[in-house]
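Order of the sequence lines sets the chain letters (A, B, ...), proteins ahead of strands, with each chain counted from 1.
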2 protein chains.
Amino acid sequence: MPERLTPLAVCALALLAERPMHPYEIAQLLRARGQDQDVKLRIPSLYHAIERLERDGLIEVSGVDREGNRPERTTYRLLKAGRDAMERQVIVWLQAPRAEFPVLPVAVGEAHFLTRAEVERVLAERRDAVARERAAVRVFQEAALDKGVPRRMLLGKEFTLHRLDAEPRVGRLSPVRSRERGP
Amino acid sequence: MPERLTPLAVCALALLAERPMHPYEIAQLLRARGQDQDVKLRIPSLYHAIERLERDGLIEVSGVDREGNRPERTTYRLLKAGRDAMERQVIVWLQAPRAEFPVLPVAVGEAHFLTRAEVERVLAERRDAVARERAAVRVFQEAALDKGVPRRMLLGKEFTLHRLDAEPRVGRLSPVRSRERGP
DNA sequence: GTCACACTAGTCGGCGTTGAATACTCCACC
DNA sequence: GGTGGAGTATTCAACGCCGACTAGTGTGAC
C-alpha cells in the first residue's frame, strides 16, 4: 500500500467521484474547469496515473466501448478505497506545507554570474510577463463567475493572483555585482 | 543539445565555477550554505545530474582519487560550455515565471470532500507548522548574517519568509460545505 | 471532392527522481 | 576489544513524467 498520490491522481479521483469516466474525458473536464492551471496535466501522465490507481485497487474498469473505428475507450469507476485514499491525501496536503522548490530563488541566487544590465533587462521582461499572466487569470476568473461557476472551484485562481501580486518584490531585491569572467 | 538544466544541475555548475569538486563535496557545500532549502537535494539525483552534465560536455572529469579503502572519488571541472549553459538557464528562469504547481490550491479545491470540522482542524495544525517553519528560517538567516555570509546568498531565505507570510490567508479562504458521502 | 487543420483517444521510449542498499571509516563509550 | 552510531561516497532499481508519435474523425474553405 504505497498510496502516495500525485496531484493529478487526486484530481482524477475527485472527478471519478462524480461519475465513471474514461481518461480523456477526465482531461477534458479538468481543462473545462480551468483546473489545468492548478495541476500539471499531460495526457500520457494521466493515463499512467489511472493505470496505477487501478493497479492499487483505488478504481476499477467499469466498461470498454468503441465508436466506429476510433480507439477503444476504457471507462473507470471510483472504489471506496480510492475515495478514502484521496481524502487522506488532501488532509496531508492541507495539514502542513510541503517543501516545494520554485526556481526563482535559485535563479536569483545565481544571478551574480550575469551582468547588472542583463539582470535588469530580464527582470523588466519578467514584470511584463507577470502583468500579462495576471490579466489572463482575471479574465478567466470573471468569465467563470459570470457563468455561475461556484467560487469554491475558483480558489486556485485566487491563490494564483495572490502569488503574482507578491512577485514584483523580485525587482527590488537584486544586489548583483558586475560580471566576473571565470573558466 | 538538449541543454534544459534542472535546478540541481545549475547549483552544481555554479559551485564548480568556484573550483573542481567531487559530487559529495558539492552536496556538502550546498548544505553548508543552506541552499538545500532552495533546491531539492537528493544525493542520487545529484550523481545522475553530474553524469548527464559530463555526457553533455558541460563538465569533465579532472581526476579520480581514493583515500585508503574508501570508494573512489571522481572530481569534476567546469567547462566553458557548462558556464554558458548555466547562464542561459538562469536568464530563462528570471525572464518569465514558469508554470509551477504547488499542491495547496489542489488540496483547497478538493477540500469539499471533507467535513468543515476536519478542514478547520487541519488548517489550524497548518498554521502552527508554518509559524514553526518561519521561526526556523529566521534563526538560520540571522545566524548566517552574523557569520558574515553576504546577503546575496540569503535571498532565497527572504523569498521563503515572504511566501510563508502570505500563507495565513488560506485560513480565511475555506468556504467548505458539509460532507457528502459518495461511493 | 480534396486539402488543411483541429479534435479525439491512446501508446512508446527515454529522461529524471528517489528510497534503499552497500561498504568502508572514524569515534565514543563501556 | 567490541558494539553502535554518525559520516563518507557511491550504486541500484523502481517509479513517475512527458515529448513525440499514431491513427482515426469531423469541418470549413477553395
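Side-chain proximity of Thr6(A) to dA9(C), dG16(D), dT11(D): nearest is dG16(D). For Arg73(B), taking side-chain heavy atoms from C-beta onward, the closest of the listed nucleotides dC17(D), dA9(C), dT10(D) is dT10(D).
A salt bridge is defined here as a Lys NZ or Arg NE, NH1 or NH2 lying under 4.0 Å from an Asp or Glu carboxylate O, and Lys80(B) with Asp84(B) meets this definition.
What separates CZ of Arg55(B) from C1' of dC15(C) is a distance of 8 Å, to the nearest Å. Per the geometry, NE2 belonging to His48(B) stands 13 Å off P belonging to dG19(C), to the nearest Å. Atom-to-atom, CZ of Arg42(B) to C1' of dT10(D) comes out at 17 Å; the value is rounded to the nearest Å. Rounded to an integer number of Å, the gap from Glu25(A) CD to dT8(C) P is 11 Å. Counting to the nearest Å, the C1' atom of dA23(D) and the OH atom of Tyr24(A) are 13 Å from each other. The NZ-C1' distance, from Lys40(B) to dG16(D), rounds to 12 Å in whole Å. When the P atom of dA6(C) is taken as reference, atom CD1 of Ile43(A) falls 17 Å away, rounded to whole Å. Taking atom CZ of Arg31(A) as the reference point, atom C1' of dC7(C) lies 11 Å away to the nearest angstrom.
Residue Pro23(B) is the one, among Pro23(B) and Pro44(A), whose nearest nucleotide of DNA chain D lies closer to the 5' end (criterion: closest heavy atom).
Within the 4.5 Å cutoff, side-chain heavy atoms of Leu114(B) are placed close to those of Leu94(A). Counting heavy atoms from C-beta outward, Glu60(B) and Leu78(B) have side chains that stay 4.5 Å or more apart. When side chains are defined from C-beta on, Val90(A) does not count as touching Val106(B), because their heavy atoms never get closer than 4.5 Å.
Between Ser45(B) and dT18(C) there is a side-chain N or O to OP1 or OP2 distance below 4.0 Å. Between Arg52(A) and the phosphate of dC17(D), there is a side-chain N or O to OP1/OP2 separation shorter than 4.0 Å.
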